[in-house]
Peer 1: 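One structure, as structure tokens, below. Some questions next.
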Amino acid sequence: MLAAAGAGRSALLVAPTGGGKTLAGFLPSLIDLHRAGSDGAPREGLHTLYISPLKALAVDIARNLLAPVGEMGLDIRIETRTGDTPANRRARQRAAPPHILLTTPESLSLLLSLPEAGEMFGNLACAVVDEVHALAGTKRGDQLALCLARLSRLAPRLRRVGLSATVAHPEAIAAWVAPDARPDSVALVRATGGAAPALDVILPEGRLPWGGHMGLASMPEVYARLRAAAVSIVFVNTRAQAELAFQALWRLNDDNLPIALHHGSLTVEQRRRVEAAMAEGRLRAVVATASLDLGIDWGAVDQVIQVGAPKGVARLLQRVGRANHRMDEASRAALVPANRFEVIECRAAIQAVASGEMDGEPPRPGGLDVLAQHILAMACHAPFHPDALYAEVTRAAPYAALARGDFDDVLRFVEDGGYALSGYERFRKLFRDAEGMIHVRGPQVARQLRMNLGTIVETPLMKVRLRGGPVLGEVEEWFVSTLEPGHTFIFGGQVLRYEALDVSAVIVSRGGEGEPRVPAYAGSKLPLSTHLARRVRGIIADPRQWRALPGPVRDWLRLQGHASELPSAEGLLVETFPRGGRWFTVAYCFEGRLAHQTLGMLVTKRMERLGLGPLGFLATDYVVAAWSAFPVEDAAALFTEDLLGEELEEWIADSSMLRRTFRNIATIAGLLEKNHPGREKSGRQMTMGADLIYDVLRRHQPDHILLRATRAEAAAGLTDVGRIGALLARIQGRIRHLVLERVSPLAVPALIEEGREWVSGTAEDALLAEAEALVEEATEGAEHFTGTLGLEMLNPHPPPRSPGEQGRPRGPGRAPRHARQRLRHGVH
Amino acid sequence: MISAPLHLAGERLALDPAGALFWPARQMLVLSDLHLEKGSHFAARGQLVPPYDTRETLARLAALLRRYGPSQLVFLGDSFHDAAGAARLHATDRATLLHLLSGRQVSWVLGNHDPVAPEALPGESVEELSLGPLLFRHEGQPGARPGEVSGHFHPRAAMPTRCGPVERACFLADGQRLLMPAFGAYTGGLSITAPPVAALFPRGGRAFLLGRERLFSFAVGPMKHLAARSRAEAGSGAAP
């Protein structure tokens, strides 16, 4: 690292967790600053910028740096700047920047949009990006890559340092770090691997759950492990799971072990308290989500327990590395599968770790929505020429292949919306002067941008406030809409009673009656890597490998053999069965979730064409399950080789997946606002439904840049069709279709999964017609609206029409509670 | 497209699946909450949403006019998203609208979004329109005499089916009054169980959900308890 620094080269340090990466990244800067200081006048201005994906990490690193710097008596100013930094300190940092500033991608983007960014960063010598592997390939990573390109322009001699965990594609990460998007212009430093981790699997006493991802059945065993160790981290996959696991552990906690909870919906103060208590060794265990995945060094953690399947080898190693943050000792970790599929998956993960294989996809191209936000931010900084900015952004790896035409379209979108229909000239955000330089229209546009900077699109949240007390955290607005006063839910490890709705918060009190609910949060689940999916398929298809599996799982697989059949290695098993008024069709493809997403689209489209009334589908890592109003009688007609020829474009465009993608893209690109100046409080009132905009734009300008970006992003999320083609070719003549009376043992875990996708064919209208006809039939036409409705409704005591008919028949009644009281779109 | 007959205050009316009301005896077509130029309203505030909403809404209107050929046209308020909306009409859209209105008797009922007469467009502007036994106004009033037709709330209803609830924009009627769905391309919706809607229909009524080819009709039970909540929360709810 020092050699690279001496040569002024950028560098990427790849090391397993716990290798002291962060300090290595800072060392050249500290030496440089120390030398400058001892040479005479201390260096003025910002020398090193450190960017971390987590605010907490920036704060923690600052703490860890300040101590040695103070001990060595170095005259180096180190400060953090995040969304939590108070306004007076921000102003001071702008006037007199510290030597080392620790920040996040969002705060950096904001700083670069300021007119004085040139002075602030002009002398920057080094930019350190921590946890690059967690940023590259995400929208936050796109944003940061663009910001780095700008930093290199403001400070041409800037050296970059990337710090990454071990990854499957180090060259791609090196390109991401490089100032010119070329991997060979970066010194790649690989730390040798530490001791291999010691992994085992914890199974519950007695029954092994069929489905679900919570893993609560194993909590007694987990608790026993906590008692036996000094300090543990219990990692879970979702915030809901964190709440439930925490509750379950405390119910078992006869020894009163100090066990804490840490997840992203708790208030910052609460999280800081837990982190501090952990660092001071006052806790025996903390139940945590991905909020503790990255970087923070806890010192003496001696075991990690992963509840629920790890979903990927890289992520598992990252979490396991939290235990024993030293390279020479083996980390101890236990996996707690939550259901039977996860038992197999955990076994597959342990195999993969042992064989030293890494998984993970290479980073995808940068999002055009992020580029739109960046262009506006750059205009807010200073006027620019399009040629110069294009040259600058294509030096960032995610945008290295960006076509000039796409750049110009994005620029036009930022300027005036980029619509074929004129009319928005007077509302334009940017204007061009005679020299072709682009200026921002006014301070209002800049203010609006700064309020909406960032690439994290969250579903609307509401604060949870204790009556007459403090704010406890946030839950998603839709969850609140399912509550009625008196309902209870679990939050922050306690049971809360929903009292009322304030303007900005949910008012709750402690305690309450009834079975508490658990708030769920959208988008908090990672897909299983295709690598692990393949290993799982191999284990199921090979009964010789079952010996390594626990008894209940072996029994489960055998039971599947009796109730239905086991999926064969080469063919395709398809099951059809009725459930809850619908027909489910489950295909055991084992191609991984991304391939199944595409397949779900194709199959439901085919079902629509066959008149089966498809309603939706679910793609898990193992199966694709579709449900329809009418049963599939011939599975071979669904999975034909020409399935890929289905006219999919309209079908996909109407899907919930595309609509969700568009909503995110439109928000990041600035078409939909998260916040509006002066209107912070009434966000909902100011929003317009993304769906409405999507439908209108699709009809009138289908090649609009945001629609192109939406399709491109969805296509990147869907796997290449070649893989599905191979599957279809392989299974022809080997499709085994079973029509069952009920769900099969192997289908159970899948049907309990979340993440259903809806399709909008003709099924909804058919179902409404059916429900309407049923009522009419049951009431012999008395409920039919034709003609008589007006009179009937006016008269509270309708005359009996036949001797047997008493009073007014009940209609289908009101919608289920969760459908009521819900604002679908902003109302104006 | 199959329209559904509805009797209101003794008059025979037809509800169209596109969200319009036709009164055959008067050859009159009624539409509510077009919110024309909502897109450009947002654009003026710095949100450059696609400007095609007016075009889209007018295309839907043109299809209805071809279907019914009405001699009288009533817009039930919030026809424009704001008072200056008509002045912002794109030249092409203005020409389309003038063409659609020409040769018909046009009434603009004023709404909360467009409390003044639309600029330079033909037709009379009225607070309310009383025609025979029917009364047309933008926002329905609890306790109005039978025969009230109103809009304002953009009602939507979710109906249970064997595969779960299906939600659509809808008409809502109880023999006393008719509440119309919003017709505009950029108009969202409010559940019919939301307190302000429930307050108009305390004894429930019948919802007509808009479908592709026809309407789907369902009885809606009494909503007194929901209406009561409306009174308790009076003032806190934002007007659509």
Side-chain angles (χ1 to χ4, degrees), chain A residues 416-417 419 421 423-424 427 429 444-445 448 581-582 615 627 629 671-673 676 682 685 688-689 692-693 696-697 699-701 704 762-765 767-772 775 783 785-787 789-794 810-816 819-828, chain B residues 4-8 10 35 38 40 42-53 55-56 81 90 113 146 154 156-163 165-168 173-176 185-191 193-194 203 205-206 208-209 211-214 216-221 238 240:
Chain A
D416 63 2
Y419 301 111
L421 178 67
Y424 280 2
F427 309 128
K429 293 184 175 179
Q444 171 73 8
V445 175
Q448 206 177 341
R582 323 165 197 198
L615 291 150
W627 49 96
L671 187 64
L672 299 169
E673 292 183 302
H676 191 76
S682 54
Q685 292 300 313
M688 190 193 294
L692 300 169
I693 293 175
V696 167
L697 191 54
R699 196 182 317 256
H700 293 270
Q701 197 175 340
H704 188 266
T762 51
E764 273 195 5
D765 272 29
L767 289 167
L768 283 171
E770 188 182 290
E772 185 193 68
V775 175
E783 275 282 321
F785 55 81
T786 42
L789 171 74
L791 285 171
E792 275 202 2
M793 288 291 176
L794 271 173
R810 290 174 66 92
R814 301 199 319 266
R820 277 189 276 136
Q821 286 284 310
R822 184 153 76 186
L823 278 169
R824 262 299 160 88
H825 310 287
V827 179
H828 287 267
Chain B
L6 177 84
H7 285 218
L8 186 66
H35 287 261
K38 182 169 175 177
S40 59
F42 272 65
R45 291 174 50 250
Q47 245 184 295
L48 302 174
V49 300
Y52 304 110
D53 55 318
R55 194 151 295 193
E56 174 72 18
H81 190 67
H90 194 276
H113 277 266
H154 309 187
R156 293 177 71 88
M159 282 303 147
T161 75
R162 70 177 156 96
C163 299
V166 173
E167 197 194 279
R168 294 286 171 85
D174 68 355
Q176 305 261 4
Y186 277 170
T187 50
L190 184 65
S191 165
T193 56
R203 288 187 295 147
R206 185 162 281 277
F208 299 85
L209 278 63
R212 291 176 194 218
E213 298 293 327
R214 50 167 288 207
F216 302 100
S217 142
F218 296 91
V220 175

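Letters go in sequence order (proteins before strands), and every chain restarts at 1.
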Peer 1: Do you know which of A:L421, A:L672, A:I693, A:V445 has the most heavy-atom pairs under 4.5 Å to chain B?
Peer 2: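 Going by pairs under 4.5 Å, I would pick A:L421.
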Peer 1: Of all heavy-atom pairs between A:A771 and B:F218, which one has the smallest distance, and what is that distance?
Peer 2: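 That closest heavy-atom pairing would be CB-CE2, 3.9 Å.
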Peer 1: Please report the closest heavy-atom contact between B:R214 and A:A769, naming both atoms and the distance.
Peer 2: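 For B:R214 and A:A769, the tightest heavy-atom pair comes out as NH1-CB, 3.8 Å.
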Peer 1: Using heavy-atom distances under 4.5 Å, tell me whether A:Y424 contacts chain B through its side chain, its backbone, both, or neither.
Peer 2: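 Side chain of A:Y424 only, per the 4.5 Å heavy-atom cut-off to chain B.
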Peer 1: What residue, out of B:G211, B:P51, B:G10, has the most heavy-atom pairs lying under 4.5 Å from chain A?
Peer 2: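 The answer is B:P51.
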Peer 1: Supply the atom-to-atom distance A:Q448 CD to B:Q47 CD, rounded to the nearest 0.5 angstrom.
Peer 2: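 Those atoms lie 7.0 Å apart.
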Peer 1: Run the numbers on B:E56 and A:L692 for side chain to side chain contact (heavy atoms under 4.5 Å, CB included), then give the verdict.
Peer 2: CA-CA 11 Å; B:E56 174 72 18; A:L692 300 169; over 6 Å; no
Peer 1: Looking only at non-hydrogen atoms, find the nearest pair between A:V696 and B:A185 and report the distance.
Peer 2: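 Minimum heavy-atom contact is CG2-CB, 3.8 Å.
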Peer 1: Look at the aromatic rings of B:Y52 and A:H700 and report parallel, tilted or perpendicular, splitting at 30° and 60°.
Peer 2: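 Judged by the thresholds at 30° and 60°, the geometry between B:Y52 and A:H700 is parallel.
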Peer 1: Say you draw a straight line from CG of A:L768 to CZ of B:R212; how long is it, rounded to the nearest 0.5 Å?
Peer 2: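 These two atoms lie 11.0 Å from each other.
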